[in-house]
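Presented below is the structure to which this report refers.
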Amino acid sequence: MFITVAPTGAESTKEQNPGIPLQPEEIVEQAVACEAAGAALIHIHGRDRDGHSTLDLGVLGAIVDGVRERTSLVVQLSTGGSVHDTFDDRVRVLELAPESCSLTVGTVNFGDEVFNNPLPFVERLYRETIDRGIVPEFECFDLGHLTSLERLLDRHGAPATGAVHVNLVTGVPGGMPGTASALTAAHAALPSGASWSATGIGRAHTPVLLMTLAMGGSVRVGMEDVLKLGPDELVRDNAQLVERAARLAELSRITPMGSAAVRELLNLAAQP
Ligand code: KMH
Ligand code: ZN
């Protein structure tokens, strides 16, 4: 298994937790600490100078360049962006040629909003990853997304490097809950041969981390997903979340892979 860090996301603010990194230099600084703490892959979102979510290629490029210069983390760009981003802007992110990108395979209610991923858009985005040799991480927010994923793979074939990697996202208000029964149902519906990880949003964060370790999956942690560790305890920074995950893995006698092993797992050497 390996540890992914999602340091920023599109929604959370410094007002909610001052430790969240928003600007490229803050994200890169925390990426360095997260790699030292045991992370192998970073899932990147960008923010503008006011802290609002952006898919601006200059901003994302600055983060990617900084992460590549200062770490050997596998770089994954979000194509989810925020619920307000256009399909064209979400696809354009791939012009930065990240090793990996997130690719959500279906629409989901997202609190009071909608994270819109109709199948024609998903297919367009997927085809673009194949053409560009980018490895998608298929994000499934609900059990039915795994059905859409099977259809996607049936219609368009395997990803660029042949590796199918799925992230089960639990605990979004509107998506599948971070419960043992939901996680086992989603796990049972994974495409055969896929590698997988799971993410718990908010209160689901730690229970899903523990369940996923017990089930042998990879884990995603980070301030995109959780800002509080208890009613009165703010997350300090992303490295704290990675350290916790690494420590829980160690207690479970599991050694997380480093970025070189993840590149092998995702067959990244086969990228053009
Ligand atoms: N911010 C969410 C609407 C992704 O990165 O691909 C979408 C999201 C998923 O975070
Ligand atoms: Zn994201």
Side-chain angles (χ1 to χ4, degrees), residues 3-13 16 20-22 27 30-31 34 39 41-48 51-56 59-60 63-64 67 73-94 96 98-119 121-122 124-126 128-129 134-142 145 148-149 152 159 165-176 178 196-202 204-205 208 218-227 238 241:
I3 301 173
T4 291
V5 64
T8 305
E11 289 83 21
S12 299
T13 64
Q16 292 170 297
I20 189 168
L22 301 183
I27 295 171
Q30 291 208 17
C34 288
L41 188 150
I42 184 166
H43 168 82
I44 294 171
H45 284 254
R47 302 291 184 98
D48 65 19
H52 300 126
S53 176
T54 180
L55 292 177
D56 179 84
V59 172
L60 292 173
I63 302 167
V64 170
V67 169
L73 292 166
V74 177
V75 169
Q76 178 183 96
L77 283 178
S78 168
T79 65
S82 83
V83 294
H84 308 292
D85 287 309
T86 66
F87 295 146
D88 285 347
D89 285 347
R90 290 170 59 187
V91 173
R92 194 170 303 115
V93 163
L94 302 185
L96 290 172
E99 291 172 287
S100 173
C101 68
S102 59
L103 198 167
T104 299
V105 291
T107 295
V108 63
N109 284 327
F110 201 83
D112 292 334
E113 308 194 270
V114 176
F115 181 30
N116 201 17
N117 298 285
L119 211 49
F121 167 66
V122 173
R124 173 184 166 198
L125 188 53
Y126 184 45
E128 194 79 23
T129 67
I134 296 166
V135 176
E137 175 180 280
F138 298 106
E139 312 290 337
C140 294
F141 287 68
D142 218 339
H145 289 185
S148 297
L149 175 55
L152 189 69
H165 181 68
V166 181
N167 184 36
L168 305 174
V169 185
T170 66
V172 165
M176 62 183 156
W196 70 286
S197 62
T199 305
I201 307 295
H205 197 71
V208 168
S218 294
V219 295
R220 180 175 117 170
V221 299
M223 295 180 79
E224 171 165 347
D225 302 335
V226 66
L227 297 173
N238 283 285
L241 295 171

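Throughout, residue positions are numbered sequentially from 1 according to the sequence presented. Both ligands and their constituent atoms are indexed starting at 1 by order of listing.
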Contact atoms of ligand 1, heavy-atom distance to Glu224 under 4.0 Å:
10 (O)
Yes or no on side-chain hydrogen bond (donor to acceptor under 3.5 Å, both in side chains) for Thr104 and Glu139, after CA distance, side-chain angles and deciding distance?
CA-CA 4 Å; Thr104 299; Glu139 312 290 337; 5.6 Å; no
What about Ser102: any of its N or O atoms under 3.5 Å from an N or O on ligand 1?
yes
Mind listing the closest non-hydrogen atom pair of Arg90 and Thr79 along with its distance?
NE-O, 2.7 Å
Distance from Asn116 atom CG to Asn109 atom CG, nearest 0.5 Å?
10.5 Å
Taking both backbone and side chain into account, is any N, O or S atom of Glu139 nearer than 2.8 Å to the Zn ion (ligand 2)?
no
Asp88 atom CG, over 12 foreign heavy atoms within 6.0 Å
yes
So is there a nitrogen or oxygen of His43 less than 3.5 Å from a nitrogen or oxygen in ligand 1?
yes
Is any N or O atom of Phe110, backbone or side chain, closer than 3.5 Å to an N or O atom of ligand 1?
no
For ligand 1, which atoms, with element, lie under 4.0 Å from some heavy atom of His45?
5 (O), 10 (O)
Min heavy-atom dist Glu113 to ligand 1 below 4.0 Å:
no
If you measure from each heavy atom of Ala6 to ligand 1, is any distance below 4.0 Å?
no
Using a strict 4.0 Å cut-off to heavy atoms of Ser78, name the atoms of ligand 1 that fall inside it.
4 (C), 5 (O), 6 (O)
Could you identify the N, O or S atom of His45 positioned closest to the Zn ion (ligand 2)?
NE2
What class does the angle between the rings of Phe87 and Phe121 fall in, given that below 30° is parallel, 30 to 60° is tilted and above 60° is perpendicular?
parallel
Contact summary for Ser197 and Asn167, nearest pair of heavy atoms:
OG-OD1, 2.8 Å
Side chains of Thr129 and Pro136: does their closest heavy-atom pair fall under 4.5 Å?
yes
Heavy-atom closest pair, residues Leu73 and Leu41:
CD2-N, 3.9 Å
Closest non-hydrogen atom pair, Pro98 against Val75:
CB-O, 3.9 Å
N or O contact, Glu11 vs ligand 1, cut-off under 3.5 Å
yes
Under 3.5 Å between some N or O of ligand 1 and some N or O of Gly80?
yes
By atom name, which N, O or S atom belonging to Glu224 lies closest to the Zn ion (ligand 2)?
OE2
